[in-house]
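Data block below; observations after.
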Amino acid sequence: MAENCTRKLIVEICNANNLMPKDGQGTASAYAIVDFAGQRRRTKTKFRDLNPVWDEKLEFLVHDIGSMASEILEINLYNDKKIGKRSNFLGKIKLAGTVFVIAGAESLVYYSLEKRSVFSQVKGEIGVKIFYVDEEAAPTPAEQKEETAEEKPPEEEKPAEENKEEAPKEEEKPNPPPPESSNPQDAVAASTSETNPAPEEENNQPLANKEEPPTETAKYKAETGKSTELIINNLELRSLSGDHNRIGYDLVDPMPFLYVRVVKAKVANKEPACPLHAKIVIGTHSIKTKTQIDRDWDQVFAFDKERLNSSSLEVSVWTEEGKNEEAPSSSVESCLGTVPFDLQEVPKRVPPDSPLAPQWYSLESESETGNDVMVAVWVGTQADEAFQEASQSDSGGLIPETRAKVYLSPKLWYLRLTVIQTQDLQLDLVSEAKVRSPEIFVKALLGAQLFKTSRTQVGSAWNEDLVFVAAEPFEPFLVVKVEDASNGQSVGEVKIHVSSIDRRTDDKTEVKSRWFNLIGGENKPYKGRIHVRVCLEGGYHVLDEAAHVTSDVRATAKQLTKPPIGLLDVGIRGANNLLPVKTKDGPCGTTDAYVVAKYGPKWIRTRTILDQFNPRWNEQYTWDVYDPCTVLTIGVFDNGRYKGDKDVSIGKVRIRLSTLDTNKVYRNSYTLTVLSPDGAKKMGEIEIAIRFCCSSWLSLIQAYGSPMLPRMHHVSPLGPAQQDILRYTAMRIVTARLARSEPALGQEVVQFMLDSDTHVWSMRRSKANWFRVVGCLSRVASLVRWLDEIRTWVHPPTTVLVHGLLVAAVVCSHLVLPTIFMYAFLILALRLRYCRWIPYNVESRLSYVDVVSPDELDEEFDEFPTNKSSDTIRLRYDRLRALASRVQTLLGDVAVQGERLEALFSWKDPRATGILLVFCLFVSLLFYLVPLKVLVLGAGFYYIRHPRFRDDMPSIPINFFRRLPSLSDQIM
């Protein structure tokens, strides 16, 4: 942001719905008071209206642009006490500065009104639009006075002075309105009358009526012709990327590094166009800067101090004479001089110390004189600000593919296209002759996404929704085509600018439908028109990862984002006993490992440590946490891209934040297991330190009671199949965007982190899911076995004790529920001592990877469509048929039980239903005559009677139920 720019926050109070009546006559006269950064504005009063509409824009000055995200905007609604004499508070909302968006990206958002206290009577919601604009700073008073004197006549100076006198009145900060003792109107400098607006209300008129200098947004649109959504919000980027200066690096071990910053050089006797480069030598370590003609490098190099094999450092400057683009190897290097440094005398620096200023040093040379180089040398740790931009010696120096990097996933939207109908279509005459009632369909394309409507006859309506995934920056056009179903030829098409599409954040905002002309070929420019409704849905969260390991559930629209509830600190310490991956590079192989961590839209990538089986990264990163029931994913990879190959996965770790205790540091080693067609293989261990900080327990507990997904997922849900298609589409978009970054985050890395293959058939996963179901039902089966043991007197003392409990429960029935909950409380409290305080990770036994057959693994990694031989396909098909037959039998047995129960009440078997009829009459009379406690006690004693009074054959109710008919005999 330029220093000569100021930022203004615009708050548009649109309307409110379903307010609480306050005047004793079933209505309320509402007005809004908005407070931001010590400034206060108010709207007009809307008399006797529970659904008032203001449509007023209130303007605020942002004093500190950098701290705008931490400011709080508060909107209070009051009832005008001149109209009603009851309590004047109608509700309030508080919004953090993180929801503010740039002008052009705003949309109408409805917020539920909150109470001021426990006893406040509040209901309803308020709709607002909040955005900010950046403008050129106003001239100083002296400059303004000079310009006024030069450009304006004297008679025009008086209004300017009057405006200056009125300006302080706008900046006054009246006290907040008291509850009932005084009128809140007296505390603000505005009038409640709509006919005589106060000067403040005149200043709060819409910005379109004012003549203002062009904003940065307008300049950007005028110069580039692109919409404002392409502009990256600096506040959001700074929040997502993490501020390394505020990280204490307390989760990792400090690693000493020798930092060398080579800024520039001054050469006395060389031509200005002569290319130069600097060389740094420490024992056997040697690295050089880029060769540049302007002699201004400003590069930082970091050397692992523990691996240095010399106590001296030499910085030399070299010239390359005779170098040209056609023959770069023909240049001759000559040294202009050297500057030695004793590493024992290098100063140490630890943040928050100020950076060490570079100094000029004279180059020592026998032949050259008058040459200087600007260098700064110091010893620091990985917490130094220069570490992120430095070229580390353990990462190969200037190799860009090995450096640490922070990536951001693109912002994803759902684009909803509602196709309504067409008119005046000009079909091909040949098609009309062949088909009396020709059928057409609509095909829509957004980038590589293509969706079609159903077929319908000409003149009929569709009213079908086509949902796409749109990523910022958006594709330029949404192409809508109408095609003839008989021959597949295009009737006409229209291109809709995606940047011009309306946005909405909830289902209450109605999107207007539009007519577009269909354009055919050059000879027939008009082919009819189509009626559609199109909008960008900001109220949904676009899933771009598997639902069971999602790390972000926020809505796309920034206005709906709530403040974070905590902070997640992750320290990636190192790895141990990694196995070699590149076996072709030597007899023992090598591993060039790096770590990728993903949480929310932020991806981090550590530096690559070359040729180390026990690498130590000791890098720490932080994320904002908006929901505790999310998952952090950490993957370890072998870097092959710097050699032109693909990266190879070494293992993955998942940690669910809800399993972590707050404000506690977990330092653990996790086993890295990779699954391949050859089987599961342990590749080593990764050491991670993690801490979930939360300052408010109340916010954390409230998060457990709030819905996982935004409101639009519940009021206008997407179908399961449609949601899966959109999820895989979003995965492909994120993969493609990150692969175009520099350095690229490879497609194989992103797909491994996002679990993009969860929808692929796998015998191993099917078995794992089956045993998960069996594990959940095992406790129910254990309870049934325990009751059967009591009923059959396997352990007589236990059965006698149950008799006593049954009598106590019948006699003191009012104590049953309190006793059950107290028993549950004691069990949970006792189990706390056996709680596992280690975060859960990917488990090999639960994944069923140890006992899976090689052919099943080979099938899991097979491509789609398959390229295996016919014998292999036949074997797998027969195996799948055998499994499907057992599933088929199980489903049939479940259906039989439900059909028997339905047949009992539908008189399908008249005798069985007649028996039930007589039985119900007898039981009803029995319940009328006998007390309920006696019946319960008698039924309990009968159920747990001694085996001497029990028959070995099945009971009468079981025999009766098994004889009921089902629909199995009607299936072919």
Within the distance-only criterion (no hydrogens, no angle test), does the side chain of Thr556 pair as donor or acceptor with the backbone N or O of Tyr540 below 3.5 angstrom? yes

key: Audit row: Glu859, Arg879, salt bridge (charged side-chain N to carboxylate O under 4.0 Å, His left out) steps and yes/no   = CA-CA 12 Å; Glu859 180 186 12; Arg879 182 177 59 205; 2.6 Å; yes

Quiz item: Is the backbone N or O of Val419 less than 3.5 Å from a side-chain atom of Asn463, with the two atoms forming a donor-acceptor pair by type?
Solution: no

Working note: Arg727 + Asp724, criterion salt bridge (charged side-chain N to carboxylate O under 4.0 Å, His left out); need CA distance, chi angles, decisive distance, verdict. CA-CA 5 Å; Arg727 180 188 294 116; Asp724 288 339; 2.8 Å; yes

Rounding to 0.5 Å, atoms CD1 (Ile944) and OG1 (Thr792) come to a distance of 11.5 Å

Item to complete: Answer yes or no: is there a donor N or O on one side and an acceptor on the other, between the side chain of Asp862 and the main chain of Asp858, under 3.5 Å?
Response: no

From CA spacing to verdict: side chain to side chain donor-acceptor pair (under 3.5 Å), Thr889, Arg886:
CA-CA 5 Å; Thr889 304; Arg886 283 182 283 178; over 6 Å; no

- Start with the C-alpha distance between Arg963 and Asp909, add both sets of side-chain angles, then the distance that settles salt bridge (charged side-chain N to carboxylate O under 4.0 Å, His left out), and finish with yes or no. CA-CA 10 Å; Arg963 291 178 176 274; Asp909 187 344; over 6 Å; no

Would you say CG of Leu929 has more than 12 non-hydrogen atoms from neighbouring residues, nucleotides or ligands within 6.0 angstrom?
yes

Is there a donor-acceptor pair under 3.5 Å between the side chain of Ser906 and the backbone N or O of Glu902?
yes

Hits for ring-ring contact (aromatic ring centres under 6.0 Å, His included) against Tyr670, two or more places apart or cross-chain, chain-then-number order -> none

Practice task
Answer yes when Lys508 and Asp506 have at least one side-chain N-carboxylate O distance shorter than 4.0 Å, and no when they do not.
Solution key: no

_Donor-acceptor pair, side chain of His713 and main chain of His541, under 3.5 angstrom_ = yes

Rounded to the nearest 0.5 angstrom, the CG-CZ distance for Asp678 and Phe861 is 9.5 Å

Would you say the side-chain atoms of Ser551 and Lys598 include a donor-acceptor pair closer than 3.5 Å?
yes

Row check, Tyr943 ring normal vs Arg791 NZ/CZ: under 6.0 Å, within 45°: yes

- Are Thr550 and Val631 side-chain neighbours, meaning at least one heavy-atom pair lies under 4.5 Å? no

Quick note, ring pair (Phe, Tyr, Trp, His ring centres under 6.0 Å) partners involving residues 789-813, not counting sequence neighbours, are Trp793-His803, Trp793-His946, His803-Phe941

Quick one: does Ser813's side chain have a donor or acceptor within less than 3.5 Å of a partner on Ala809's backbone? no

Both conditions, 6.0 Å and 45 degrees, for the charged tip of Arg945 above the ring of Phe949: are they met here?
no

Heavy-atom closest pair (Ser966 atom, Arg900 atom, distance to 0.1 Å) is CB-CG, 4.4 Å

Quiz prompt | Flag, side chain of Ser885 to backbone of Ala882, donor-acceptor distance under 3.5 Å | solution = yes

Between Leu657 and Tyr599, the two heavy atoms sitting closest are CD2-OH, 3.6 Å

All heavy atoms of Ala912 vs all of Leu904, minimum pair found to be O-CD1, 4.1 Å

### Task
Please say whether more than 12 non-hydrogen atoms of neighbouring residues, nucleotides or ligands are located less than 6.0 Å from CZ in Phe919.
no

Rounded to the nearest 0.5 angstrom, the CG-CZ distance for Leu964 and Phe905 is 10.0 Å

So CD1 of Ile725 and CG of Leu718: to nearest 0.5 Å the spacing works out to 11.0 Å

Does a donor on one side chain and an acceptor on the other come within less than 3.5 Å for Thr659 and Arg656? no

Checklist entry - Are the side chain of Thr866 and the backbone of Lys868 linked by a donor-acceptor contact shorter than 3.5 Å? => result yes

By side chain to side chain donor-acceptor pair (under 3.5 Å), Lys767 pairs with (sequence neighbours left out) Glu856

Answer yes or no: are there more than 12 heavy-atom neighbours, outside Arg950 itself, under 6.0 Å from its atom CZ?
-> yes

Does CD in Glu510 sit with more than 12 non-hydrogen atoms of other residues, nucleotides or ligands closer than 6.0 Å? no

So CG of Leu926 and CG of Leu921: to nearest 0.5 Å the spacing works out to 11.5 Å

For Ser847 and Arg764 the tightest heavy-atom approach is O-NH1, 2.9 Å

Separation between CZ (Arg732) and CD (Gln449), nearest 0.5 Å, reads 7.5 Å

| Regarding Lys443 and the six-membered ring of Phe451, is the cationic atom NZ or CZ under 6.0 Å from the ring centre and inside 45° of its axis? | no

**Request:** Flag the pair Arg554 and Asp627 as a salt bridge only when some basic side-chain nitrogen lies within less than 4.0 angstrom of an acidic carboxylate oxygen.
**Result:** no

Any donor-acceptor N/O pair, Thr456 side chain to Trp462 backbone, under 3.5 Å
no

- Counting distance only, does the side-chain N/O of Asn959 pair as donor-acceptor with the main-chain N or O of Ser955 below 3.5 Å? yes

Decide if atom CG of Asp969 counts as having more than 12 heavy atoms of other residues, nucleotides or ligands within a radius under 6.0 Å. yes

